[in-house]
Amino acid sequence: MSIVERDTTVAAVPTLPARRVHVLRAAGVSLVLVTAADGLPEVLHWGRDVGPVDVADTDELLLALGRPISPSAFDAPWPLTVLPTERDGWEGRPAIAGHVEGLPLVPRWRGVEVTSTPREAVVTADSEELALRSVFALDDAGVLRVRHTVTNRGVRAVHLQALEAVLPVGERVSEVFDLAGRWTRERTPQRRALTQGSHARESRRGRTGHDAPTLLVLGTPGFDDASGEVWAVHLAWSADSVHRHDVLAEARPVLGAGELLRAGEVVLGAGEDFTAPDAVFVWSDEGLDGMSARLHDSLRARPGHPSRPRPVVLNTWEAVYYRQELAPLVALAETAADIGVERFVLDDGWFLGRRSDDTSLGDWRVDPSVWPDGLRPLVDRVRDLGMEFGLWFEPEMVSPVSELAVAHPEWLLQRPDDDVRTWRNQYVLDMANPLARAFVLESMSAVIGEHHVDFVKWDMNRDIVHAVHAGRAGVDAHTRGVYALMDSLRARHPWLEIEACASGGGRVDLGVLERTDRVWPSDTNDAMERLAIQRWTEALLPLELIGAHVGPEVSHTTGRHLDLDFRMAVSLFGSAGLETDVTRLSTEELDRLRAWTTLYKRVRGLLHTGRLRHLDLGDPGLATTSVVSVDRGSALVRVARTVTGPQSLAVPLRVRGLDRARRYRMAPAAGLGVPHGLDMVPPPWLGRGYLELSGAVFEDVGARLPMLAPGTAIVLEFTALD
């Protein structure tokens, strides 16, 4: 029979081998795992909840989705397993790879067992070389975590090169979305058509990176903030990574992520194991905001999620830089407290010899030449003023010009003798070295314990290249050492909060956030740049985890002049603070900041618990963010203009998520100015000062905005009238 001829004989219904189904269900999501006749299970479905699936349903599903034998292909159907390799029939990027004495690592899994509850499935299996344990855990928000562990069960060394989590997605996906960027322009969105082949974005920066994908999203045609089906993955890991998708002619599209392992980095001796970082998978049929809502709900349900109100912070960096003196810093603290600041953070420059960025990292002792009486006079004054005290550290780094580098050159992760390039005049300490890690722990603990430091800004100001630990590539071991150091520090000082900073936004991931309380999303405090940076950080994180500071009138990183009200409006939506020399401001400016901190304290409960949405008003020059309370009794909306719009009539504001049956009063938020706009006459409701309409009208019809000028914003508060 030629390839174009067809046999029209009706085939008998095949007899299916006994296979068991495992269904995880939560928050409108289901994962359907089916055991294979031989080998690892496969995922029949991940997406919208399909309800309970019993044995009879499994047989029908297998018939419905069963793989035929296509032309020019393997002679028998093959499964797309939870850890696909060539042995299964998969010819895309393998989920597990490596070698054993030069022979390719392509495990033949036997003794497969699957145990499950309504929210978790555990897969165990053995091969000649490895034992496998895979956990699939679906939480109350519908977020799925996948974790693979392999153990060497033989006597020969296993060189592991990849262990990645992959899941099939809906076959209607046609577009790819992720993020890129650079220093001070982190998390820049990029979008493209989904094409055939195996595609991987690799990060080799030794940290998450300013250009990290953050989330790799596959979606149905035209998905946007509010609509469309999306499947996304994030790797909860703070170093080298792979985010990948595969579209092969012979299989469903596959989405996945895993740690990028350098050659020789992970070699398992007999009995040794390796657990890959968690891959976090999210499905939504409400677009990108729906995806983010699941992630935010998942994070907020963590036992260690920040539970008390996020304090107003003043960070000293852009106020004094390295010019640290007691009298000016006390004046800064007194002014800060007067306008409502609750946490005072002393940034870089307090420790031994640190007058510039080319010396002293690693020497974590208070510099007596700057602080002859130690930090106590400043700390005491800060506490007398009713504020918490925070301190900057860069624990993983060492300056070549430092006592530590001279005393212990063997503790460096990067050997200067190998001509490794410096970055910001510094190298990296090997945190996988227990002696180096213990030294840093003791050094930090001495300062933190003496002053009962409430908050640490944990910085990391360089990428890691040419990392070597114990004669092998060292990024994995170092990163796990950093996590261990954070865990030890928190165990010693359980009151301590930590901010993850890495030249700004170079370490924004759910791995570091298992140990920290917020991230610093960018070193730029330019509010215009921050609109986009914070918006796309919000794709992963809720507002209470995102540091957002009112910077100086003239931005340190861009030189742009921006109005104070605009800077305050942008910083309000986050874990808010200031980073400017408030002692140089006028009385009128201080009054405005005082009103802003009062507003923030009043609405932070809403901002840090409510549902975040990004509104498309049909004007590309407007960036619009809303937060609606859980009970839909209140909402806060910020509309900011970045560039002039295409029309001379301002668009109406339409707000999603209000209760359509309730009536609301909309009014400018007290504590921020109302921009005059470019209208000759403002919208009539604004002249009166408020507007009262139903949630349905606010959503479907809206209210005309003023004609905002670029670099201005309006914040509107919605309050239910019942």
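The basis for the numbers below is simple: all heavy atoms, side chains too, and nothing from hydrogens, waters or symmetry mates. Computed from a predicted model, the values in this text were never measured in an experiment.
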Extract all donor-acceptor atom pairs below 3.5 Å that involve side chains of residues 269-276 and protein atoms in other chains or at least two apart in sequence.
from, atom 1, to, atom 2, distance (Å)
Glu272, OE1, Gly269, N, 2.6
Thr275, OG1, Thr149, OG1, 2.9

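For the pair Ser503 (side chain) and Gly506 (backbone), a donor-acceptor distance under 3.5 Å is absent. Side-chain atoms of Arg310 never come within 3.5 Å of backbone atoms of Gly547 as a donor-acceptor pair (strictly under, hydrogens ignored). The backbone N or O of Gly504 sits less than 3.5 Å from a side-chain atom of Asp523, completing a donor-acceptor pair. For Lys601 (side chain) and Gly340 (main-chain N/O), a donor-acceptor pair under 3.5 Å exists by modelled atom type. Panel note: side chain Thr516, backbone Val512; a donor-acceptor pair is recorded below 3.5 Å. A donor-acceptor pair under 3.5 Å links the side-chain atoms of Gln414 to the main chain of Val465, judged by distance alone. His234 places a side-chain N or O within 3.5 Å of a backbone atom of Thr214 that can act as its donor or acceptor partner. Side-chain atoms of Trp520 come within 3.5 Å of backbone N or O of Ser522 as a donor-acceptor pair.
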Worksheet entry | Full working for salt bridge (Lys or Arg N to Asp or Glu O under 4.0 Å) between Glu396 and Arg507 | CA-CA 13 Å; Glu396 302 151 66; Arg507 187 147 63 185; 2.6 Å; yes
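The side chain to side chain contact (heavy atoms under 4.5 Å, CB included) check on Arg381 picks up Val330, Glu334, Asp384, Leu385, with sequence neighbours excluded. For Phe351, the ring pair (Phe, Tyr, Trp, His ring centres under 6.0 Å) test picks out Trp364, with sequence neighbours left out. Residues satisfying the side-chain hydrogen bond (donor to acceptor under 3.5 Å, both in side chains) test with Asn433, not counting sequence neighbours, are none. Scored by the ring pair (Phe, Tyr, Trp, His ring centres under 6.0 Å) test, Tyr321 finds Trp317, His556 as partners (sequence neighbours excluded).
A salt bridge is defined here as a Lys NZ or Arg NE, NH1 or NH2 lying under 4.0 Å from an Asp or Glu carboxylate O, and Lys457 with Glu497 fails to meet this definition. For the pair Asp240 and Arg205, the salt-bridge criterion is not met [side-chain N within less than 4.0 Å of a carboxylate O]. With respect to the salt-bridge test (charged N to carboxylate O, under 4.0 angstrom), the residues Glu265 and Arg204 do not qualify. With salt bridges taken as basic N to acidic carboxylate O contacts below 4.0 Å, none links Arg383 and Asp380. Salt-bridge annotation for Asp454 and Arg343: absent, with no side-chain N of the basic residue lying under 4.0 Å from a carboxylate O of the acidic one.
Side-chain contact between Leu352 and Glu403: present, with at least one pair of heavy atoms (C-beta onward) separated by less than 4.5 Å. Side-chain contact between Glu259 and Leu163 is absent, with no heavy atoms from C-beta onward closer than 4.5 Å. Proximity of Val312 to Leu578: side-chain heavy atoms (C-beta onward) are separated by under 4.5 Å at one or more points. Proximity of Leu412 to Val420: side-chain heavy atoms (C-beta onward) are nowhere separated by under 4.5 Å. Side chains of Glu394 and Arg424 form a contact here, defined as non-hydrogen atoms less than 4.5 Å apart. Inter-residue side-chain proximity for Leu510 and Leu540 is flagged as met; some heavy-atom pair is nearer than 4.5 Å. Under the 4.5 Å side-chain criterion, counting only non-hydrogen atoms from C-beta, Val266 is in contact with Leu268. Using a 4.5 Å heavy-atom threshold, the side chains of Thr188 and Leu179 count as separate.
Just one residue in the list Val382, Val341, Val345, Val550 forms a side chain to side chain contact (heavy atoms under 4.5 Å, CB included) with Leu314, and that residue is Val341. The residue from Asp347, Asp363, Asp348 that alone fulfils the salt bridge (Lys or Arg N to Asp or Glu O under 4.0 Å) condition with Arg354 is Asp348. Checking Leu361, Val447, Asp459 one by one against Phe393, the side chain to side chain contact (heavy atoms under 4.5 Å, CB included) holds for a single residue, Val447. Under the salt bridge (Lys or Arg N to Asp or Glu O under 4.0 Å) test applied with Asp140, the options Arg294, Arg302, Arg119 reduce to a single match, Arg119. Of the options His305, Arg518, Arg604, His608, a side-chain hydrogen bond (donor to acceptor under 3.5 Å, both in side chains) to Glu544 is made by His305 and by none of the others.
Rounding to the nearest 0.5 Å gives a distance of 7.5 Å between OG of Ser360 and CG of Asp367. Atom SG of Cys501 is separated from atom CE of Met460 by 11.0 Å, given to the nearest 0.5 angstrom. Expressed to the nearest 0.5 Å, how far CD of Glu318 lies from OG1 of Thr557 amounts to 7.0 Å. Distance CG/Leu260 to CD/Glu164: 8.0 Å, rounded to 0.5 Å. Here CE of Met444 is found 11.0 Å from CZ of Arg492. Values are rounded to the nearest 0.5 Å. With rounding to the nearest 0.5 angstrom, the CG atom of Asp517 is 10.0 Å from the CD atom of Glu499.
More than 12 heavy atoms of other shown residues, nucleotides or ligands fall within 6.0 angstrom of atom CZ in Arg355. Within 6.0 Å of CZ on Arg300 lie more than 12 heavy atoms contributed by other residues, nucleotides or ligands. Crowding of Arg535 atom CZ: a count of heavy atoms from other residues, nucleotides or ligands under 6.0 Å exceeding 12.
No side-chain donor from either of Ser571 and Arg530 sits under 3.5 Å from a side-chain acceptor of the other. Judged by distance alone, the side chains of Asp526 and Thr524 never bring a donor and an acceptor atom under 3.5 Å apart. One side chain, Ser238 or Asp509, offers a donor N or O that lies under 3.5 Å from an acceptor on the other. Using a 3.5 Å distance cut-off with no hydrogens or angles, the side chains of Thr537 and Arg187 do pair a donor with an acceptor. Looking at Gln426 and Asn461, their side chains never bring a donor and an acceptor atom within 3.5 Å of each other.
Minimum heavy-atom separation, Leu489 to Ser445: CD1-OG, 3.8 Å. Contact between Ala27 and Ala141 at its shortest, heavy atoms only, is CB-C, 3.6 Å. For the residue pair Ala539 and Leu215, the shortest heavy atom distance occurs at O-CD1, 3.7 Å. Contact between Val401 and Asp358 at its shortest, heavy atoms only, is CB-O, 4.0 Å. When all heavy atoms of Gln161 and Gly98 are compared, the closest pair comes out as OE1-CA, 3.6 Å. For the pair Leu261 and Leu160, the tightest heavy-atom approach, listed with the atom from each and the gap, is CD1-O, 3.8 Å.
The aromatic rings of Phe389 and Phe344 lie parallel to each other, their planes meeting at an angle below 30°, with 60° marking the opposite boundary. Ring-plane geometry between Phe136 and His148 is classed as perpendicular, the angle between the planes exceeding 60 degrees on a 0 to 90 degree scale with a lower cut at 30.
For residues 447-483, the set of pairs meeting the ring pair (Phe, Tyr, Trp, His ring centres under 6.0 Å) definition, not counting sequence neighbours, comprises Trp237-Tyr483, His452-Trp495.
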